[in-house]
Amino acid sequence: MPLDLRDPPGPREQGWYLALMAPNIKGPNYAWLDPSRLYCHPQALQDCVEDLLGPFRGDPIDEVAGIDAMGFILGAAMANALRKGFLAIRKAGHLCVETLAQPFTDYSGRDKVLEVRSDVITPGLRVLLVDQWVETGGTMQAAIRLVEQQGGVVAGIAAVCIEDSEGGHWLKENYKWSHCVPPHLMPEFNAHQLDSFWGDQTKVGQQ
């Protein structure tokens, strides 16, 4: 079904745009959900950014850092809204300058490495970390270590969803955080079954 780019009628509840996300139809080698469809809707993107920034309005933030690759989209949009600079935290092998590296294990169990340039984060710099999604928390924890190893301060973490995994709980207990998912929908997000949005469509990606 084509994406309807018109603004939704009536008052907009927090997270209304989550229904624009697309379920996985390509099998287990892909993420269970694709949030990028909501970025194509101008009001959805704007409201998503505002919801993520809500808890941090008024907080001292010096820089916004987005995690490779989908965290670049929301991170850059949030940096623009805050009128702050944007720092890209990259997967290894993409930066041609001096970097710091941090190995980690991602949500799929694969070992990877994050890198960040070494000339931006200074002691005391307050950094808001942004990714598209936090499932197990390994990627976000690696980004946190890259900031803190240089003396930076993690001002908060933000993602479309921070799941209630062991790693997600640890992040929520130790850092200020925000995401877009209303509490009543968290059980569905944790189960990777958004039945209230799509009904039988969620079965498509499981065939």
Side-chain angles (χ1 to χ4, degrees), residues 15 31 33 35-36 38-39 45 48-92 94-95 97 99-108 110-181 186 189:
L33 183 68
S36 66
L38 76 85
Y39 308 149
L45 177 59
C48 177
V49 167
E50 287 303 311
D51 287 343
L52 290 175
L53 286 175
F56 303 108
R57 290 293 187 185
D59 289 1
I61 294 172
D62 302 310
E63 194 87 6
V64 178
I67 300 174
D68 198 345
M70 299 304 289
F72 295 166
I73 299 170
L74 289 176
M78 292 168 70
N80 183 65
L82 291 172
R83 297 183 180 275
K84 301 295 181 181
F86 174 77
L87 171 64
I89 298 179
R90 302 299 310 271
K91 292 171 185 170
H94 295 288
L95 291 170
V97 295
T99 63
L100 293 177
Q102 180 63 50
F104 70 101
T105 302
D106 72 3
Y107 69 93
S108 67
R110 291 175 292 183
D111 293 331
K112 296 184 177 180
V113 177
L114 285 182
E115 289 185 330
V116 67
R117 58 185 307 137
S118 60
D119 59 352
V120 173
I121 300 174
T122 55
L125 189 81
R126 295 183 60 83
V127 181
L128 176 61
L129 287 169
V130 183
D131 204 354
Q132 176 171 264
W133 206 271
V134 174
E135 190 167 326
T136 62
T139 308
M140 184 62 76
Q141 290 180 43
I144 288 171
R145 287 192 286 272
L146 285 173
V147 172
E148 294 182 341
Q149 285 170 5
Q150 299 178 79
V153 177
V154 176
I157 61 173
V160 173
C161 177
I162 303 175
E163 294 185 23
D164 288 330
S165 59
E166 181 179 351
H169 276 301
W170 184 87
L171 290 167
K172 291 176 180 178
E173 290 172 357
N174 288 278
Y175 295 92
K176 190 169 184 178
W177 60 277
S178 70
H179 72 181
C180 302
V181 183
M186 275 310 299
F189 277 80

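Hydrogens, waters and symmetry mates play no part in the numbers below; they use all other heavy atoms, side chains included.
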- Might you work through the side-chain contact (heavy atoms from CB on, under 4.5 Å) test for Tyr39 and Met70, ending with a clear yes or no? CA-CA 11 Å; Tyr39 308 149; Met70 299 304 289; 4.1 Å; yes

Does [X] reach the main-chain N or O of [Y] with its side chain, forming a donor-acceptor pair under 3.5 Å?
| X | Y | value |
| --- | --- | --- |
| Lys112 | Thr139 | no |
| Lys172 | Ile162 | yes |
| Ser165 | Gly168 | yes |
| Asp106 | Ser108 | yes |

- Message: Evaluate Lys176 against Phe56 for side-chain contact (heavy atoms from CB on, under 4.5 Å), listing each step before the verdict.
- Response: CA-CA 9 Å; Lys176 190 169 184 178; Phe56 303 108; 3.6 Å; yes

About how many Å separate [atom2] of [Y] and [atom1] of [X], when rounded to the nearest 0.5 Å?
| X | Y | atom1 | atom2 | value |
| --- | --- | --- | --- | --- |
| Leu129 | Ile89 | CG | CD1 | 5.0 Å |
| Asp164 | Met186 | CG | CE | 4.0 Å |
| Met140 | Trp177 | CE | CH2 | 12.5 Å |
| Ile121 | Glu148 | CD1 | CD | 10.0 Å |
| Met78 | Leu128 | CE | CG | 4.5 Å |
| Leu53 | Ser178 | CG | OG | 7.0 Å |

Shortest non-hydrogen contact between [X] and [Y], atoms and distance:
| X | Y | answer |
| --- | --- | --- |
| Cys161 | Phe189 | SG-CD2, 3.8 Å |
| Val154 | Ile157 | CG1-CG2, 4.2 Å |
| Gly75 | Val130 | N-CG1, 3.7 Å |
| Ser118 | Leu100 | CB-CG, 4.4 Å |
| Ala142 | Pro103 | CB-O, 4.5 Å |
| Lys91 | Asp68 | N-OD2, 2.9 Å |

With side chains defined as the heavy atoms from C-beta onward, is the minimum distance between [X] and [Y] less than 4.5 Å?
| X | Y | value |
| --- | --- | --- |
| Leu87 | Arg117 | yes |
| Leu74 | Leu45 | yes |
| Val134 | Leu171 | yes |

- Task: Decide side-chain contact (heavy atoms from CB on, under 4.5 Å) for Gln150 and Val116; before the verdict, give the C-alpha distance in whole Å, the side-chain angles of both, and the deciding distance to 0.1 Å.
- Result: CA-CA 10 Å; Gln150 299 178 79; Val116 67; 3.5 Å; yes

- Item | Criterion side-chain contact (heavy atoms from CB on, under 4.5 Å) on Trp133 and Glu163, from CA distance to verdict | CA-CA 8 Å; Trp133 206 271; Glu163 294 185 23; 2.8 Å; yes

